[in-house]
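As the structure is a computational prediction, the values presented were derived from the model and not from experiment.
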Amino acid sequence: MSAGVAAGVTVPAATAASPLRVQILMYDGVEEQDFIAPVEVLGLAGKLTGGAVVASLVSAGRPGPVRCTYGTTVDVARGWSPGEADVLVVPGGGYTNRNGPGVHRLIADQGFLRHLKASRALPVGICTGTMVLSAAGLTKGRNATTHAGAKADLAAQGAKVIDARVVDDGDLITGGGITSGLEVSLWLVERFLGAKAAQRAEVVLEYERRGTVWRA
């Protein structure tokens, strides 16, 4: 399926025969909660729908072990394959440490940013992952959000910052800080698999969505 041409926010656009393919970008310094929320939510949604969504972890660089913000090590078997994804989720991490591992290394990688900008996958930024999308020029003049500590930077780079937990600007989705990844992921389920699928996932997770989903 093509995520960029979904017909509406509540009409299912993904099926087991034509699943939503989601890649979750991993890199040294990524925040654990930022990537684990989409892994949990989208994995569960795929199970509940018989495979209507398939989520996988992919490396921004070479496949191999990734060391996260709090020391968790994750072995990522695949590199990022833009042509094999409908949605690319970019989690945040390490934004306050410009010289350490985290999003700033992605922001400094011009080759990566060019590929990101050229990708046809729907870009989804969680927390300061939005700042990577901003560095690629994907948020300029667009409605977007990020972690509270980075909103001033996001605005300075040309985005129209919205104070919402999730901002859906059509072919760009962004989320606020850290735990907002839960809301972003559940919104992806609702947008592409339907409200019933999202509600079923909430019941199993025993989680009630917080805040606002702002839609263009």
Side-chain angles (χ1 to χ4, degrees), residues 1-15 18-25 34 37-38 40-42 44-46 48-49 52-53 55 85-92 116-117 119-134 136-148 150-155 157-203 205 207-216:
M1 68 160 294
S2 175
V5 294
V9 295
T10 59
V11 178
T15 65
S18 181
L20 181 71
R21 303 167 302 166
V22 182
Q23 293 185 352
I24 303 162
L25 196 71
D34 282 11
E40 177 77 21
V41 173
L42 298 174
L44 173 61
L48 293 174
T49 59
V53 57
D86 301 301
V87 176
L88 177 69
V89 176
V90 183
L116 179 59
K117 187 173 183 178
S119 171
R120 297 184 65 182
L122 171 69
V124 177
I126 294 176
C127 191
T128 54
T130 298
M131 302 310 297
V132 179
L133 304 184
S134 179
L138 299 177
T139 65
K140 191 171 183 178
R142 304 294 300 275
N143 300 295
T145 192
T146 185
H147 189 283
K151 284 182 177 178
D153 291 342
L154 183 62
Q157 293 171 22
K160 300 176 183 177
V161 176
I162 305 293
D163 288 324
R165 192 92 164 144
V166 181
V167 174
D168 186 333
D169 203 37
D171 58 357
L172 172 69
I173 297 176
T174 52
I178 309 177
T179 58
S180 296
L182 288 161
E183 275 71 32
V184 170
S185 303
L186 285 163
W187 175 246
L188 285 172
V189 174
E190 181 169 341
R191 173 168 164 171
F192 292 107
L193 281 72
K196 288 184 179 180
Q199 193 271 339
R200 287 178 65 196
E202 284 188 76
V203 170
L205 291 167
Y207 181 77
E208 296 181 6
R209 282 183 272 183
R210 298 170 48 208
T212 301
V213 175
W214 185 97
R215 289 170 282 177

Kindly indicate, with the supporting measurements, whether the criterion side-chain contact (heavy atoms from CB on, under 4.5 Å) is fulfilled by Thr179 and Arg165. CA-CA 9 Å; Thr179 58; Arg165 192 92 164 144; 3.0 Å; yes
Applying salt bridge (Lys or Arg N to Asp or Glu O under 4.0 Å), name anything that partners Glu202, two or more places apart in sequence or on another chain. Arg209
Using 0.5 Å steps for rounding, measure from the CG atom of Leu122 to the CG atom of Leu88. 9.0 Å
Heavy-atom side-chain proximity of Thr145 to Trp214 below 4.5 angstrom: no
Could you tell me which non-hydrogen atom of Leu193 sits nearest to which non-hydrogen atom of Ala45, and how far apart they are? CD2-O, 4.4 Å
For Ala14 against Leu20, the heavy-atom pair lying closest together: CB-N, 3.8 Å
Rounded to the nearest 0.5 Å, what's the gap from OG1 on Thr139 to CG on Leu154? Could you check? 5.0 Å
Has Asp168 got a side-chain atom pairing as donor or acceptor with Ile173's backbone, closer than 3.5 angstrom? no
What's the verdict on side-chain contact (heavy atoms from CB on, under 4.5 Å) for Gln199 and Val203, showing C-alpha distance, side-chain angles and the deciding distance? CA-CA 6 Å; Gln199 193 271 339; Val203 170; 3.3 Å; yes
What residues, two or more places apart in sequence or in another chain, satisfy side chain to side chain contact (heavy atoms under 4.5 Å, CB included) together with Ser185? Pro38, Val41
Residue pair Ala201 / Leu186: nearest heavy atoms and the distance that separates them: CB-CD2, 4.0 Å
4.5 Å side-chain heavy-atom contact, Val124 and Val90: no
Please report the interatomic distance OG1(Thr49) to CZ(Arg200), rounded to the nearest 0.5 Å. 8.0 Å
Quick one: does Glu183's side chain get under 4.5 Å of Val213's, heavy atoms only? no
Quick check: do Val53 and Val189 have side-chain heavy atoms less than 4.5 Å from each other? no
Nearest heavy-atom contact between Thr130 and Gly175 is OG1-O, 4.1 Å
Using 0.5 Å steps for rounding, measure from the OG1 atom of Thr174 to the NE2 atom of His147. 14.0 Å
Please list all pairs passing the salt bridge (Lys or Arg N to Asp or Glu O under 4.0 Å) test where one or both residues lie in residues 137-147, with sequence neighbours left out. Arg142-Asp169, Arg142-Asp171
Any non-hydrogen side-chain atom of Met131 less than 4.5 Å from a side-chain atom of Gln157? yes
Taken to the nearest 0.5 Å, the spacing of Asp86 CG from Ser18 OG works out to 7.5 Å
CZ on Arg215 to CD1 on Ile162, rounded to 0.5 Å: 14.0 Å
Just by modelled atom types, is the Gly177 backbone N or O under 3.5 Å from a matching donor or acceptor in the Ser180 side chain? yes
For residues Leu172 and Pro123, determine if any side-chain heavy atom of one lies less than 4.5 Å from a side-chain heavy atom of the other. yes
Compare every heavy atom of Lys117 with every heavy atom of Ala136, then report the nearest pair and how far apart it is. O-CD, 3.2 Å
Flag side-chain contact, heavy atom, 4.5 Å: Asp163 against Lys151: yes
